[in-house]
Amino acid sequence: MRTKFENGVFELRRQAETLRIEPWGKNAFRVRGTKYPEFTGRDWALTEPVEPAATVGVTAEQHEDGGWTITNGRISVWVNRVGILTFYRDGKKILREHYRSYDGTISRESRCLKVVARNYIPRTGGDFQLNIKFEANDGEKLFGMGQYQQAQTNMRGCVLDLAQRNSQVTIPFCMSNLGYGFLWNNPAVGRATFGYNITEWTSECSKELDYWICADEDPRAIVEDYCSVTGRAPEFPEDLMGLWQCKLRYRTQEEVLDVAHACKEHNVPIDLIVIDFFHWPYQGDWRFDETYWPDPKAMVDELHSMGIKVCVSVWPSVDRRSENFNEMFENGMLIRTERGSIQTYDYLGDCLEIDATNPETRDFVWEKLKKNYADYGIDMFWMDNAEPDYAVYDYDNYRYWLGTALECTNIYPQYYSRIVYDNQVKEGLPAVNLLRSAWAGSQKYGNVVWSGDVPSTFEGFYDQFQCGLNMAICGMPWWTTDIGGFMTDDVSDPYFQQVLIRWYEFAVFTPILRMHGDRGPYNIPNLDNSSFGGGSQRTGQPNELWSYGEKNFKIMRDYLDVRLAMKPYIKRLFDEAHETGAPLLRPMFYEFPKDEKCWDLYDQYMFGDKLLVAPIFTEDTWEREVYLPAGTWKDTRDGKVYEGGQTVTAAAPLESIPVFERQ
């Protein structure tokens, strides 16, 4: 084994592997390994400038047995005589590579299993399937990883596919209750296994190993460290902190204007109205269908005069019949297949999807979006199907400008969002856009991420709650859901209406308050019998606050007042997110890391630093237990004050959600 420490960077060469450990931000290391002659130079999620390694005061000590200890602030790593890594926080072990192979000494790891920590398994074509194993720590809890549709908030014991899908958002960053954060800095398809015996990260196709690890005081500091190297959310506009109105689907400009005027008549102030899919003739046209949208500029002007911003849906799919298909196909702007049909998407058309990793593609699509939307005054874009949503998730069959899908597909939604974000910033336009997917660092590109097309059930509601908490840990402060879920069979079903109200009450205390959903029954006739364009697609039932009867309307309207009254507080939280990366939606342990009970509480949360929120996740439930950490707490509904350090039983009639204010 050959080692050197030079200009703050430690490098090890053993057999065919080169391993590099360098300080990367405060209390953090970046670790890279390769069996190629050189590293690729790609930074992936680590986009933010950091102080040069030679100037940060990192220290290194070589031991008599040939091992090394390298220290950067609170984190240190011991590299033993055969290159196995063990990480420490303030001298206490937090993470150790897993190996079971004889190394010439008698030790716990010196066994005859021939299991090594870092595996580079050759793939046909030259790249590697990467696999790295770490020892599991007894009692450890792990959070983050983005958004997975499951009930578990603590990821310990979970196996997670590292792949983007509708409602599954892969952000490979996790935080441990032992005081460290770990980023798998690799956008390849793979798997994360958080077993009780080992933690294992696998990439199906990569040129090098790359991860980042930090150790710090508490969850707040770890999230701040992570965002300092991956980016922070921009400033959030104050005029978007109220209600966003949406449904499947407003089919004409008359429908949009009618709803906007009805909001005024019902005294329901909205900040934004959303125009959903198939307002276009064909997928990939990226323009209004003039049959139903004859004067979009006049529509936008009228909405603006009412103080309402406008958002339009954009899909990455391009139908073969689209006016843009041939030019994009001939110029290599569409995702390629390695074999068989060239089709990548088959919903309502024979489509290919754009290659958003190609800068030429991004420029081409923005030109269309600017001409056909932004120049009319459209304020925002709903970048839907952002995964992208493949007809079949055969990742080994797709290739991008950036590389094979196996190697880099998880970063696709980030490049997709930059079609609009980069150009909006360049042209001085506000840059807040709705996305259905994200990757590490997406927070810096103006992404409001929502949790996808999810069922309208109490179980689905709870799944979205834990998704929001784990997205928050991943540095994604701008997060939302479809209030009431997306998929509804019957809007008049009392069960659904109870789900809707409980979900709405929760959403008032989340970053974005947004009405959306596909509301059945589907008995509204199509506009016409055409085989393409807006007339060919169905719509759902009304989804405005007053659509669900007087009783439900009163509850939602009252809570809209609660939301609007909180705007100064919410603005402060958004400002904090921009400055430090702090999420608005916070697990209990984020605010109370020294309270062991809070590390196991996954059915209540903090909205910012003051408000403890306890949603109702089950049907016909009219009270629930709420744990109040140390301190003094006031029930925001009746003003009653409680001393913390106890569990109280809080009333929860349908018209209210238990919320306690920290005094």
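Owing to the predicted nature of the structure, the values given are computational and were not obtained by experimental measurement.
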Aromatic ring proximity, centroids under 6.0 angstrom, [Y] and [X]:
| X | Y | answer |
| --- | --- | --- |
| Y602 | F617 | no |
| Y211 | W201 | no |
| Y605 | F465 | yes |
| W503 | Y462 | no |
| F173 | Y226 | yes |

So, do [X] and [Y] sit near enough that their side-chain heavy atoms are less than 4.5 Å apart?
| X | Y | value |
| --- | --- | --- |
| W184 | C174 | no |
| F194 | L160 | yes |
| T632 | E643 | yes |
| L162 | M145 | yes |
| Y88 | S76 | yes |
| V454 | D463 | no |

Give a yes or no on whether a salt bridge exists between [X] and [Y], defined as a side-chain N under 4.0 angstrom from a carboxylate O.
| X | Y | answer |
| --- | --- | --- |
| E579 | R232 | no |
| R74 | E217 | yes |
| R637 | D635 | yes |
| R32 | D210 | no |
| K610 | E591 | no |

Atom [atom1] of [X] with >12 non-hydrogen neighbours under 6.0 angstrom:
| X | atom1 | answer |
| --- | --- | --- |
| R662 | CZ | yes |
| Q150 | CD | yes |
| K567 | NZ | yes |
| K571 | NZ | no |

Any chance you could measure [X], atom [atom1], to [Y], atom [atom2], to the nearest 0.5 Å?
| X | Y | atom1 | atom2 | answer |
| --- | --- | --- | --- | --- |
| L469 | N154 | CG | CG | 12.0 Å |
| L560 | I555 | CG | CD1 | 14.0 Å |
| C467 | M476 | SG | CE | 13.0 Å |
| R514 | L243 | CZ | CG | 11.0 Å |
| T153 | D603 | OG1 | CG | 9.0 Å |

**Item:** Trace of the side-chain contact (heavy atoms from CB on, under 4.5 Å) decision for R436 with W450
**Value:** CA-CA 6 Å; R436 201 174 73 182; W450 98 95; 3.3 Å; yes
**Asked** Among Y416, Y421, Y415, which one satisfies ring-ring contact (aromatic ring centres under 6.0 Å, His included) with Y445?
**Response** Y421
**Item:** W599: which of F589, Y590, Y627, F592 passes ring-ring contact (aromatic ring centres under 6.0 Å, His included)
**Value:** F589
Do you see a donor-acceptor pair shorter than 3.5 Å between the side chains of [X] and [Y]?
| X | Y | value |
| --- | --- | --- |
| N410 | T170 | no |
| D620 | Q498 | yes |
| S176 | E140 | yes |
| Q466 | Q147 | no |
| T230 | Q443 | yes |
| Q464 | S451 | yes |
| T47 | K444 | yes |
| Y559 | S656 | no |
| E200 | N131 | yes |

**Asked** Can F574 and L584 be said to form a side-chain contact (heavy atoms from CB on, under 4.5 Å), step by step?
**Response** CA-CA 7 Å; F574 273 116; L584 286 74; 3.8 Å; yes
**Prompt:** Are R502 and F461 in a cation-pi setup, meaning NZ or CZ lies under 6.0 angstrom from the ring centre and within 45 degrees of the ring axis?
**Reply:** no
**Message:** Run E576 and R220 through salt bridge (Lys or Arg N to Asp or Glu O under 4.0 Å) and show every step you take.
**Reply:** CA-CA 12 Å; E576 187 180 356; R220 181 185 300 272; 3.2 Å; yes
**Request:** Let me see the working for V648 and F660 under side-chain contact (heavy atoms from CB on, under 4.5 Å), right down to the final yes or no.
**Result:** CA-CA 11 Å; V648 301; F660 294 83; 4.2 Å; yes
**Request:** Begin with the C-alpha distance, continue with both residues' side-chain angles, and end with the deciding distance and a verdict on side-chain contact (heavy atoms from CB on, under 4.5 Å) for L19 and L85.
**Result:** CA-CA 11 Å; L19 190 72; L85 309 186; 4.0 Å; yes
